[in-house]
Amino acid sequence: MAKGKFGGMGGGMNMQAMIRQAQKMQQDMMKAQEEIANKETKITAGGGMITVTMQGTNTIKAIEIKPEIVDPDDVEMLQDTLLAAVNEALRAAGQASEEEMRKVTGNASLPGMF
């Protein structure tokens with residue numbers, strides 16, 4: 001019997017194993033994406049005066065502002081502190097998401113993932 005591109009009959013078994021492995025990775029990725037979506041990241045700014053809670057879906061769940069940071073004569077400082085907290089929460093949530101997906105993919109570079 002002539003051996004084909006995949007080394008004869010044994011090649012089919014390797015292809016099936018690859019398909020099973022790809023299917024398992026896909027299931028693991030779906031599970032990781034669900035876990036990421038449910039994960040919360042809390043970031044504080046301004047010495048703990050502002051806390052931003054963000055879900056893994058990059059949705060802000062809560063913003064807590066302590067009254068003592070509210071100064072009607074310095075609204076710009078409040079705005080800057082809030083902006084810093086939101087940007088840091090976005091960065092931290094994105095980093096946590098990437099780390100979770102790397103666990104599943106084994107650091108493989110997947111197009112369109114990150």
Side-chain angles (χ1 to χ4, degrees):
M1 176 181 266
K3 290 186 177 183
K5 186 174 181 181
F6 296 107
M9 295 184 76
M13 297 303 278
N14 289 336
M15 184 61 92
Q16 289 175 354
M18 285 176 48
I19 290 170
R20 282 193 303 272
Q21 185 177 5
Q23 288 171 338
K24 182 180 180 332
M25 182 182 272
Q26 184 179 20
Q27 290 171 347
D28 290 347
M29 287 178 66
M30 289 172 61
K31 182 180 176 189
Q33 287 171 337
E34 184 177 323
E35 289 174 8
I36 289 167
N38 292 325
K39 188 173 187 172
E40 289 186 359
T41 302
K42 275 192 177 190
I43 297 296
T44 60
M49 293 287 113
I50 295 179
T51 303
V52 175
T53 304
M54 179 165 289
Q55 290 181 291
T57 56
N58 287 341
T59 302
I60 296 174
K61 184 175 181 181
I63 297 176
E64 299 169 34
I65 302 173
K66 295 209 174 170
E68 49 268 28
I69 197 172
V70 180
D71 180 354
D73 295 327
D74 194 3
V75 174
E76 187 175 328
M77 190 261 312
L78 175 60
Q79 292 169 336
D80 290 345
T81 306
L82 182 57
L83 183 62
V86 169
N87 282 331
E88 178 59 20
L90 281 166
R91 187 204 60 74
Q95 183 178 356
S97 175
E98 286 181 25
E99 289 172 7
E100 193 66 33
M101 290 307 288
R102 280 193 190 108
K103 290 178 190 176
V104 174
T105 64
N107 287 329
S109 177
L110 300 176
M113 286 299 297
F114 307 110

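Both backbone and side-chain heavy atoms feed into the values below; hydrogens, waters and symmetry mates do not.
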Applying the 4.5 Å side-chain criterion to the ILVMFWY set and letting contacts propagate, would Met101 and Met30 be lumped into a single cluster? no

Within this structure, what is the CG-CG distance for the pair Leu82 and Leu78, rounded to the nearest 0.5 Å? 6.5 Å

Nearest 0.5 Å, please: how far is CG in Asp74 from CD in Gln79? 9.5 Å

Exactly one candidate in Lys24, Lys31, Gln26 meets side chain to side chain donor-acceptor pair (under 3.5 Å) with Asp28; the answer is Lys24

Heavy atoms of Ala93 and Thr41 approach each other most closely as CA-OG1, 3.9 Å

May I have the step-by-step check of side chain to side chain contact (heavy atoms under 4.5 Å, CB included) for Glu100 and Gln33, ending in yes or no? CA-CA 8 Å; Glu100 193 66 33; Gln33 287 171 337; over 6 Å; no

In Å, rounded to the nearest 0.5 Å, how long is the span from NZ of Lys66 to OG1 of Thr44? 9.0 Å

For the hydrophobic clusters of this structure (ILVMFWY residues joined by side-chain heavy atoms under 4.5 Å, transitively), does one cluster hold both Met54 and Ile36? no

Hydrophobic cluster membership, Ile50 vs Met77, 4.5 Å side-chain cutoff: yes

Could you check whether Glu35 pairs with Lys39 (Lys NZ or Arg NE/NH1/NH2 to Asp/Glu carboxylate O, under 4.0 Å)? no

According to a 4.5 Å side-chain heavy-atom criterion applied to Ile, Leu, Val, Met, Phe, Trp and Tyr, with indirect links allowed, do Val70 and Ile63 form part of one hydrophobic cluster? yes

Is it true that the side chains of Gln27 and Gln23 contain a donor and an acceptor less than 3.5 Å apart? no

Taken to the nearest 0.5 Å, the spacing of Glu99 CD from Gln95 CD works out to 5.0 Å

Separation between CG of Leu90 and CD1 of Ile43, rounded to the nearest 0.5 Å: 10.0 Å

Can you tell me how far apart CD (Gln21) and CD1 (Ile19) are? Round to the nearest 0.5 Å. 11.5 Å

